[in-house]
Structure formats: structure tokens, C-alpha cells
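Notes follow once the structure below has been shown.
Residue numbers begin at 1 in each chain, while the letters A, B, ... track the order of the sequences.
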Amino acid sequence: MKLEVMRYLPESDPEPRHQVYEVPYSDTGSVLEALQYIKDELDPTLSFRWSCRMAICGSCGMNINGVPRLACRTFLREYFPGPVRIDALAHFPVERDLVISAADFIAKLESIKPYIIPRVERDVSEGEYLQTPLELEKFNQFTKCINCMLCYAACPQYGIDPAFLGPGVIALAHRYNADSRDGAAEERMGQLHAEEGLWSCTAVGYCSEVCPKDVDPANAVNQNKMASALDYFLRFVKPGDKS
Amino acid sequence: MAHPVKRSNAPVFWLLFGAGGMLAALLGPMLVLITGIAAPLGWVLPPDALSYDNMLAFSRNIPGKLFIFAVVTLFVWHAAHRIYHTLHDLGIRRNRLSMGFCYGISLAATLLAGYALVIIGF
Ligand code: SF4
Ligand code: FES
């Protein structure tokens with residue numbers, strides 16, 4: 001089966017180009033395995049990221065026939081008889097071949113404090129924080145995010161303006177905001193209230209379609225738009241608020 | 001990396017957009033059916049249902065005024081928001097001018113509708 005793989009070697013290529021490789025076809029072969037075959041048998045100069053090969057590390061995201069997908073969980077059989085076009089993940093700066101720079105995503109992720117900041121500090125001796133199944137359900141789906149950035153490659157608004165905080169990071173901000181143990185929602189909402197926070201989103205919804213973990217970032221954005229809009233007006237009447 | 005944290009004013013327009021969208025979804029098709037098809041063809045409705053006298057009475061009555069005001073203005077705010085963001089997608093990026101143009105029209109339509117509903121009398 002033919003694979004048309006995007007190549008970009010910054011030291012010699014002025015522009016990305018595509019190189020065609022013939023890889024052995026099998027019903028159970030993944031795109032990642034095909035790329036590994038190329039690297040091992042045909043062309044050791046090809047660069048791409050991967051680690052877990054089981055859809056959990058989130059490092060093998062790429063555009064496969066134009067759709068952002070995880071290479072390890074995308075099978076050649078879906079594209080039989082080929083060819084399949086493999087591009088680096090859309091909307092990100094390409095470092096080399098299929099390797100993109102995740103620096104922007106990581107910076108945004110850090111900016112929303114993606115960890116629990118306890119509402120009430122407790123000592124270990126006081127035991128665990130208890131949650132009801134209902135409280136767990138509020139944020140559970142958003143914990144499934146593996147930071148694969150497929151939703152960023154899918155988001156046309158991120159493509160137009162990379163200042164947009166973006167679907168994945170908003171989903172993760174929501175994951176902590178909606179957690180009953182956490183008390184730092186106000187801090188995170190500062191980022192979300194901005195034009196480049198929630199309000200760059202035009203409810204396209206493609207992010208949720210491509211998410212390999214069924215996180216539904218579009219839903220997180222929508223829930224927070226409502227919360228942010230209410231807060232926009234209610235902040236004037238809320239006691240002890242600094243606006 | 002420091003992120004811009006200036007609060008957006010988008011919620012104002014977004015809420016108007018949302019309210020207009022909901023109203024459009026609930027009432028839009030029915031209004032088109034009544035005013036565009038059923039009334040002119042004399043279907044189901046009595047022939048004078050949308051006559052001048054009836055409509056005048058409707059627009060002079062307070063619930064009638066509120067209904068007309070809500071339908072006209074919220075639909076326009078909804079449309080303005082859509083157009084503003086569609087322009088952005090088409091390459092005319094969000095800027096003060098396109099924002100002023102789109103929301104300016106809906107603001108003008110709102111003032112005009114309010115004015116018309118007042119001068120038509122009670
Ligand atoms: S929300 Fe889904 S698509 Fe986006 S980074 Fe997380 S796992 Fe990937
Ligand atoms: S290799 Fe880890 S998600 Fe694909």
C-alpha cells in the first residue's frame with residue numbers, strides 16, 4: 001500500500017514536501033506500524049513521535065487523509081487500497097517531518113493550572129476527600145484527555161488565530177473547575193473570560209468529533225460560555241467580588 | 001507564556017444571539033407559515049386575520065408590542081452575531097469596524113423598532 005508522507009527537513013527543505021513509500025499491507029496493521037516499517041526498512045531519516053502505541057500517551061497525532069487522528073489507532077484497512085496521505089498535525093509549527101512543536105499547547109495548559117488546588121487543605125491524617133458519584137460524573141469524562149492536540153488540529157478558529165486557548169485546554173480547565181475538591185475555578189476563569197479564552201469559539205464542534213477519547217471539549221466550552229456570560233453580569237452583584 | 005486576560009464583552013452579544021436563536025427556532029417557521037403562506041392563501045386562518053385593523057390593534061396592545069419587539073430585535077441581534085463571525089471565517093477578521101457595522105445595524109434596528117412601537121400609539 002502506498003503512503004504519501006509529509007517530509008520536512010529544515011536544513012535542506014525550503015517547504016514541506018511529500019514522499020511516497022510502499023509499505024506491506026495487512027488487515028491489522030496500523031498507520032503507526034507502517035511508519036515504523038518505513039523508518040526501520042526504507043528510510044531511517046523519517047521522524048515522527050510515538051510512545052505507547054495504544055492510544056494512551058497522545059504523542060502520535062497526525063493528519064491522516066486530512067483528518068486529525070492517532071496513528072496508532074488508525075488502521076490501514078480503513079484506507080484500502082490506498083494511497084494514504086500522512087501530514088503533520090495541522091495548525092502547529094512543524095519541527096521536522098511529522099514532528100510538530102507542542103510548546104504553545106503546553107504553555108496554555110500550564111496557564112490554566114491543570115491540577116487540583118484544594119478548596120480546603122486537609123492533612124493526610126484526616127483521610128481522603130470524599131465525592132458522590134454525581135460529583136464524579138460532573139468532571140469524569142474530561143479526565144480522559146490525553147493531551148494529543150487532535151482537537152487543535154481540528155479547530156478552524158485555532159487555525160485562524162493560534163492565540164485561542166483552544167478546546168483541549170478549556171476541557172481540562174473545566175475538568176478541575178467542575179471537581180468538588182477544587183477551589184481555584186475563579187483563577188482559571190480569568191483566562192476563559194478573555195476573547196482568546198472561550199469567546200474565540202464559534203461552536204463548530206469538530207473538536208469533539210476527532211477526539212479519540214470522547215472527551216467532548218465543545219461541551220466544556222459551551223458550559224463555560226454560559227457560566228462566563230452569567231458571571232459577566234452577576235459579578236456586579238456578587239458579594240466581595242473584585243470584578 | 002503570559003496569556004491575555006482582558007475580559008471579553010462577548011457575553012452581551014452572545015446572550016442576545018442565544019436568545020434570538022432560541023426564539024427563531026421556536027417561532028421562526030411558524031411565523032413564516034402564518035405570515036408568508038397561510039394568511040395570504042386564506043388557509044385555516046380567517047381572511048382578515050392579518051388585516052390592517054387587526055394588526056394595528058395587536059401592535060397597540062402591550063403584550064403585542066412586547067412580542068413584536070422581541071421577535072424583531074432578537075432575530076436581528078442573532079443575525080448580526082452570525083454575520084460578524086461568518087465574516088471572520090471568510091477572512092474579514094474580527095475587528096472594530098466589522099463589529100461596529102454588524103452590531104450597529106442591530107442596535108439601529110432595535111431603536112427603530114422601539115420608536116415605531118411607541119409612536120404607533122397605545
Ligand atoms: S480533548 Fe480529546 S482531542 Fe483534545 S487533546 Fe484531549 S484527548 Fe486529544
Ligand atoms: S503512540 Fe501513544 S497514543 Fe499513539
Assess whether atom [atom1] of [X] is packed by more than 12 heavy atoms of other residues, nucleotides or ligands within 6.0 Å.
X     : atom1 : result
B/Y52 : OH    : no
B/M22 : CE    : no
A/Y79 : OH    : yes
A/E11 : CD    : yes

**Asked** Which of residues 131-141 of chain A get closer than 4.5 angstrom to chain B, counting heavy atoms alone?
**Response** none
**Prompt:** Where do A/A194 and B/S8 come nearest, in terms of heavy atoms and distance?
**Reply:**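 Looks like C-CB, 3.7 Å.
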**Request:** Counting only heavy atoms closer than 4.5 Å, note whether B/H88 contacts chain A via side chain, backbone, both or neither.
**Result:**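 The answer is both parts of B/H88.
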**Asked** How long is the gap from NE2 on A/H193 to CG on B/N9, to the nearest 0.5 Å?
**Response**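 Nearest 0.5 Å value for the NE2-CG distance: 12.5 Å.
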**Request:** Can you tell which part of A/Q157 gets under 4.5 Å to a heavy atom of chain B, answering side chain, backbone, both or neither?
**Result:** side chain
**Request:** Please step through side chain to side chain contact (heavy atoms under 4.5 Å, CB included) for the pair B/R7 and A/M189, ending with a clear verdict.
**Result:** CA-CA 10 Å; B/R7 191 169 191 135; A/M189 285 312 276; over 6 Å; no
**Asked** Would you say B/W14 and A/S228 make side-chain contact, with heavy atoms under 4.5 Å?
**Response**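 Not touching, per the 4.5 Å side-chain cut-off.
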**Residue pairs fulfilling salt bridge (charged side-chain N to carboxylate O under 4.0 Å, His left out) with at least one residue in residues 83-94 of chain B, sequence neighbours excluded** =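 Residue pairs with at least one partner in residues 83-94 of chain B: A/E195-B/R94.
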